[in-house]
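Below, chain A is the first sequence line, B the second, and so on; all start at residue 1. Everything numeric in this text was worked out from a predicted model, so none of it was measured.
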Protein chains: 2
Amino acid sequence: MAATIKDIARLTGLGLATISSYINGGNVRKENKEKIEAAIKELNFEVNEVARGLKTKRTKTVGVVIPELNNKFCTDIITAMEDILRNHGYATIVCDCRTDRELEKRAVEFLYRKRVDGIINMPVGCDGSHLDCFRKANIPVVLIDRKINGIDCDYVLVDNLAAAKNAVMSLIGVGHSRIGMIGGPTDIYTAQERLLGYKLALMEAGIVPDEGLIEHGDYTINSGVHCIERLIKNNPDMTAVFVANYEMTMGAVIGLNELGVRIPDDISFIGFDSEEFARACRPKLTIVTQPTAEIGKKVAEIILQRMEKPQAAGPADFKLIKLQTKLVEGSSVKRII
Amino acid sequence: MAATIKDIARLTGLGLATISSYINGGNVRKENKEKIEAAIKELNFEVNEVARGLKTKRTKTVGVVIPELNNKFCTDIITAMEDILRNHGYATIVCDCRTDRELEKRAVEFLYRKRVDGIINMPVGCDGSHLDCFRKANIPVVLIDRKINGIDCDYVLVDNLAAAKNAVMSLIGVGHSRIGMIGGPTDIYTAQERLLGYKLALMEAGIVPDEGLIEHGDYTINSGVHCIERLIKNNPDMTAVFVANYEMTMGAVIGLNELGVRIPDDISFIGFDSEEFARACRPKLTIVTQPTAEIGKKVAEIILQRMEKPQAAGPADFKLIKLQTKLVEGSSVKRII
DNA sequence: TTAAGAAACAGAAACGTTTCGGCGGAAAGT
DNA sequence: ACTTTCCGCCGAAACGTTTCTGTTTCTTAA
């Protein structure tokens, strides 16, 4: 049905190699160039990238596997990344694995079969065995946001420990000591780091962390609602709370609204990630923001470099990039000293 | 580098056709089956989908072109859709075209070159010429959310007119008559329909629409902020406002917060799309919600059907599905009669 | 004018799979 | 006993490119 290079060779009376050369920017006599262009227009010819990919062994496609498409942090990163990749001629296949290890493994294998030129993954679990096929075939792998065991590759991370520590220190600085935390799943790297930052801040201030003030959600809105409800119920003396991702921040705000608890009069609040949501709250929330655009940019740059270079020779020259967060002040924290 | 079907044919001493047959679920003697499985394991063989795609002329991939990945309405739909497509063995290539007609056209052509088996598009403009290559090649096209000119294909839409009309009628029902509207770009179908619904509701109630009460944003958070600022400034007598998408709803809430205007005491408010955001506002917002999961499901079903069937024979048997919205009551509307 | 060198072109092979036509042998029917 | 049927298997051809190896044509300088 669709026109091929052969059709336009026949129509122009030229050889296959000439047409191919023209398509790939090679030199062709002006007269022939015009003939080819006319034929392409007439037949609506468009290169078949599938055939090209088979021959060249490069699909100009990168795979992206993330836990949830429905997560602002993920889509913000992907948006920035895809923009750069596309400008370099690469397509992006995004697979959302619903925070499911088994689906993640299947997504990775699927992308391998599709022969993507590189893969970017925000891993769900804490080991990297699902990426074995890429490692064995020496295809570039870049991991984002979460560090995991048993895999050597490039990383783009955020300094979560400092992020949480700074947030909690700022609460301590204005007099809070009974500070609650809504953290993520215990087996996720970012959640561990943020929890550690929380505890370190307390300990450096001479406060002993109280497990009763710590709740673990699963990075969803609903879990944010439930965690804040439990925290409020179990800790009447809690004066502030720190929430460690966007979705749970939204959930916690919902929970507080529905319980009738006022920010910052009844409780001081520091959330995570979305400046827009922070502004939409009354009063404006103080939040930790992550540099999503920069993460996307770095990831794209690294994987492009790996894909263009023949193959990285050295075994251990992998990059580990750690970006810093910012604390954006709102009016959700009350001074109590 | 990677193992091929030939390698495992050589290793097992069997023929190419037998291996292919095994891979595709055909009948192979038990004894040979075991040999093949052993060889596959030993060589880490995975089918090369690029080669398969070239031969079969089906890539098991569908393309999706949307205006913004960074838009909850879009990602909600994609999430639902991708789930179903993946369960049927189809991959999804998502292209975000930044609400740019030129980028949209390039994305579509890119996907055509990739030989996707079908394409799903939430169109940016109001004509369908960018999809010509797909139409000519008789490859299924499904459009979502926005109706455009000059193209016959399947559609999955939302009844935007009724959505807006019902929202505005509910405001009128509790005594409002100076009702502002923040709508979308005038060249976008959904924006036109929502504006029409707004005007119809007013006119049926005997109220003459006042252009001074209508602002057009561009479906972004920032435009929501600016529109609400202008509305408030220009219309001291306005008692209610209806905002016609999620991002602008968020923007309008931000704007009202920053102006110190109270919902619902100073102004009644009906927003759009996100139930979670509505709950996170204090007081909870009344909003129009769209059935994103159902849209995704319908789209997936339709395109799957078109891709599996050889080709739709009849010229004009295209589906046009129109789904209904819901009005979710919050406490952001004040009764003033 | 001609030889040499470069530029433009042509054809065939290859990429890894599916599929078509055929073939041998075992089971089933006469 | 024989044909017939069917199953499992094989090899070759094809999908639409790129690329390698030559061949022809054009330039240029002696």
Side-chain angles (χ1 to χ4, degrees), chain A residues 1-37 39-40 43-61 89 91 110 112-117 133 137 139, chain B residues 1-37 39-40 43-61 89 91 110 112-117 133 137 139:
Chain A
M1 191 72 228
T4 76
I5 232 180
K6 278 182 193 163
D7 296 322
I8 80 168
R10 203 176 309 133
L11 195 63
T12 56
L14 295 166
L16 283 181
T18 309
I19 315 295
S20 177
S21 168
Y22 168 84
I23 290 172
N24 293 289
N27 278 334
V28 178
R29 256 207 307 265
K30 197 173 181 187
E31 161 202 352
N32 288 333
K33 199 178 281 194
E34 285 160 4
K35 266 202 249 175
I36 295 176
E37 279 159 4
I40 286 180
L43 299 180
N44 282 116
F45 170 80
E46 293 273 357
V47 170
N48 183 329
E49 294 281 0
V50 178
R52 177 182 275 176
L54 175 61
K55 182 62 197 177
T56 61
K57 293 170 178 288
R58 314 193 62 222
T59 54
K60 289 285 207 165
T61 304
F110 172 82
Y112 180 74
R113 270 178 267 129
K114 286 259 176 218
R115 294 299 188 271
V116 296
D117 297 337
C133 51
I139 300 169
Chain B
M1 192 70 228
T4 76
I5 231 180
K6 278 182 193 163
D7 296 322
I8 80 167
R10 203 175 309 131
L11 195 63
T12 56
L14 295 166
L16 283 181
T18 309
I19 315 296
S20 177
S21 167
Y22 167 84
I23 290 172
N24 293 290
N27 278 334
V28 178
R29 256 207 307 266
K30 197 173 181 187
E31 162 202 352
N32 288 332
K33 198 177 282 193
E34 285 160 3
K35 266 201 250 178
I36 296 177
E37 279 158 4
I40 286 181
L43 301 180
N44 283 115
F45 170 80
E46 294 272 357
V47 169
N48 183 328
E49 294 281 359
V50 178
R52 176 182 275 176
L54 176 61
K55 182 62 197 176
T56 62
K57 293 169 177 286
R58 312 193 63 222
T59 53
K60 289 284 206 168
T61 303
F110 172 82
Y112 180 75
R113 271 178 267 128
K114 286 257 175 221
R115 294 298 188 271
V116 294
D117 296 337
C133 50
I139 299 169

Listing time: all N or O pairs from protein to nucleotides 13-15 of chain D that are below 3.5 Å?
unit_1	atom_1	unit_2	atom_2	d
dA14(D)	N3	K55(B)	NZ	2.9
dC15(D)	O3'	K57(B)	NZ	3.4

Would you please confirm or rule out a distance under 4.0 Å between OP1 or OP2 of dT18(C) and any side-chain N or O of S20(B)? yes
Under the rule for salt bridge (charged side-chain N to carboxylate O under 4.0 Å, His left out), what residues qualify as partners of R115(A), not counting sequence neighbours? none
Mind checking V50(B) for me? I need base, sugar-phosphate or nothing, with any heavy atom below 4.0 Å counting as a touch. nothing
side-chain N/O N27(B) vs dG8(D) OP1/OP2, d < 4.0 Å: yes
Is there a side-chain contact between R29(B) and the phosphate of dG8(D), meaning an N or O under 4.0 Å from OP1 or OP2? no
How would nucleotides 20-27 of chain C be written as a contact map, 5' to 3', with B for base contact, S for sugar-phosphate-only contact and - for no contact, using protein heavy atoms under 4.0 Å? --------
With sequence neighbours left out, the residues meeting side chain to side chain donor-acceptor pair (under 3.5 Å) with T59(B) are D117(B)
Under 3.5 Å, which donor-acceptor pairs link side chains of residues 26-34 of chain B to any protein atom two or more places apart or in another chain?
none

With heavy atoms under 4.0 Å as the rule, sort L14(A) into base, sugar-phosphate or nothing. sugar-phosphate
Is the shortest side-chain N to carboxylate O distance from E49(A) to K114(B) below 4.0 Å? no
R58(A) meets the salt bridge (charged side-chain N to carboxylate O under 4.0 Å, His left out) criterion, sequence neighbours left out, with none
For Y22(A), which contact category applies under a 4.0 Å heavy-atom criterion: base, sugar-phosphate, or nothing? nothing
